[in-house]
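Note: hydrogens, waters and symmetry copies are ignored here, and every other heavy atom, side chains too, is used.
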Amino acid sequence: MARSQATRKPTRIQREKTQSILEAALDVFSDNGFRGSTIDMIAVRAGLSKPNILYYFDSKEAIHKALLAGLLETWLAPLQEMDEDGDPIEEICKYVALKLKMSQHFPRESKLFANEVLQGAPHILTEIEGGLKDLVSSKARAITRWAEEGKIANVDPYHLFFSIWATTQHYADFDIQIRSVLDDGKDPFETAGPFLDNMFRAMLEPKAR
């Protein structure tokens with residue numbers, strides 16, 4: 001938590017400085033991971049002195065936690081939008097599209113999350129085992145019900161989610177690999193969307209409808 005926020009409501013300038021620090025830190029952490037990042041690197045990227053950074057945040061860990069807290073809210077939002085009373089295939093494919101859009105527009109956040117998980121999720125394990133797990137379990141029950149009602153194929157709901165995360169977040173986390181292999185100068189998201197939509201629709205289509 002920023003020190004200034006612990007004592008009184010921050011001013012506009014303080015809010016702007018805090019946001020600048022978080023933006024710079026997002027660049028640094030997504031490029032280097034938590035262990036490979038330093039306050040000095042964040043200060044250089046933010047164009048501020050190290051003491052100035054430490055005025056707003058007690059430590060590198062405090063900045064990292066602030067970023068992750070905001071990230072988890074953003075990460076959960078698309079899944080929360082899945083309507084359990086809507087058309088099952090449309091709702092799941094909409095979720096796939098939203099996750100892919102997040103990879104397209106929030107690649108730094110995706111890499112930040114991936115780096116954290118690769119390190120054993122030391123700063124967000126409680127949230128993963130709590131809010132994220134609870135939300136996924138709730139939507140998994142809806143997917144199981146849809147399968148039992150014959151509205152979608154009989155799929156394992158948890159592995160379905162893992163597959164969605166893997167195929168959509170890959171485009172952010174391994175962007176350089178994808179663009180190097182394609183080597184056509186085109187935006188891979190333009191063709192990724194239709195491909196993933198077709199793939200998941202084929203998987204979810206019930207055998208007899």
Side-chain touch R12/E16, heavy atoms, less than 4.5 angstrom: yes
Flag side-chain contact, heavy atom, 4.5 Å: Q177 against H170: yes
Residue pair K60 / M41, side-chain heavy-atom distance below 4.5 Å: no
Carboxylate-amine/guanidinium contact K94 E90, below 4.0 Å: no
F29 side chain reached by I42 side chain, heavy atoms, under 4.5 Å: yes
Minimum heavy-atom distance I53-I63, with the two atoms named: CG2-CD1, 3.9 Å
Neighbour count above 12 (heavy atom, 6.0 Å) for F195 CZ: no
Summary of side-chain hydrogen bond (donor to acceptor under 3.5 Å, both in side chains) pairs that have at least one residue in residues 28-48, sequence neighbours excluded: R35-Q119
Distance-minimising heavy-atom pair for T74 and P78: O-CD, 3.3 Å
Candidate pair L100 and Y171, rule side-chain contact (heavy atoms from CB on, under 4.5 Å), full reasoning: CA-CA 8 Å; L100 185 63; Y171 286 91; 3.9 Å; yes
Taking every non-hydrogen atom, the tightest pair across S49 and A43: C-CB, 4.1 Å
Worked verdict on F57 versus I39 for side-chain contact (heavy atoms from CB on, under 4.5 Å): CA-CA 10 Å; F57 292 94; I39 290 286; over 6 Å; no
Closest non-hydrogen atom pair between A153 and M203, with its separation: CB-O, 3.4 Å
S110 side chain to S103 backbone, donor-acceptor under 3.5 Å: no
Heavy atoms of other groups near E73 CD, more than 12 under 6.0 Å: no
Side chain to side chain, K50 and L54, heavy atoms closer than 4.5 Å: yes
V155, I152, V96 screened by side-chain contact (heavy atoms from CB on, under 4.5 Å) with L160, the one that passes: V155
Considering all heavy atoms, the nearest C93-F200 contact: SG-CB, 4.4 Å
Validation row: R108, D27 side chains within 4.5 angstrom (heavy atoms): yes
Transitive ILVMFWY side-chain link L98 to F106, under 4.5 Å: no
Pairing residues for K139 by the salt bridge (Lys or Arg N to Asp or Glu O under 4.0 Å) criterion, not counting sequence neighbours: E84
Parallel, tilted or perpendicular: rings of Y158 and F162 (30°, 60°): tilted
Beyond-backbone contact of T191 with L182, side-chain heavy atoms, under 4.5 angstrom: no
L118-W165 co-clustered via ILVMFWY side chain contacts under 4.5 Å: no
L132 vs W75, side-chain contact (heavy atoms from CB on, under 4.5 Å): CA-CA, chis, key distance, verdict: CA-CA 9 Å; L132 175 61; W75 237 233; over 6 Å; no
Under 3.5 Å: donor-acceptor pair, side chain of E91, backbone of D83: yes
Within residues 116-148 or reaching into it, pairs that qualify as ring-ring contact (aromatic ring centres under 6.0 Å, His included) - sequence neighbours excluded: F34-H123, H64-H123
Check: I92 and I164 side chains under 4.5 Å, non-hydrogen atoms: yes
Taking every non-hydrogen atom, the tightest pair across A147 and N154: CB-CA, 4.1 Å
Parallel, tilted or perpendicular: rings of Y95 and F161 (30°, 60°): perpendicular
L71 and its side-chain contact (heavy atoms from CB on, under 4.5 Å) partner, picked from E109, E127, E116: E109
Check: D134 main-chain N/O paired with S138 side-chain donor or acceptor under 3.5 Å: no
Stepwise side-chain contact (heavy atoms from CB on, under 4.5 Å) check, R141 with T144: CA-CA 5 Å; R141 287 192 291 273; T144 297; 5.6 Å; no
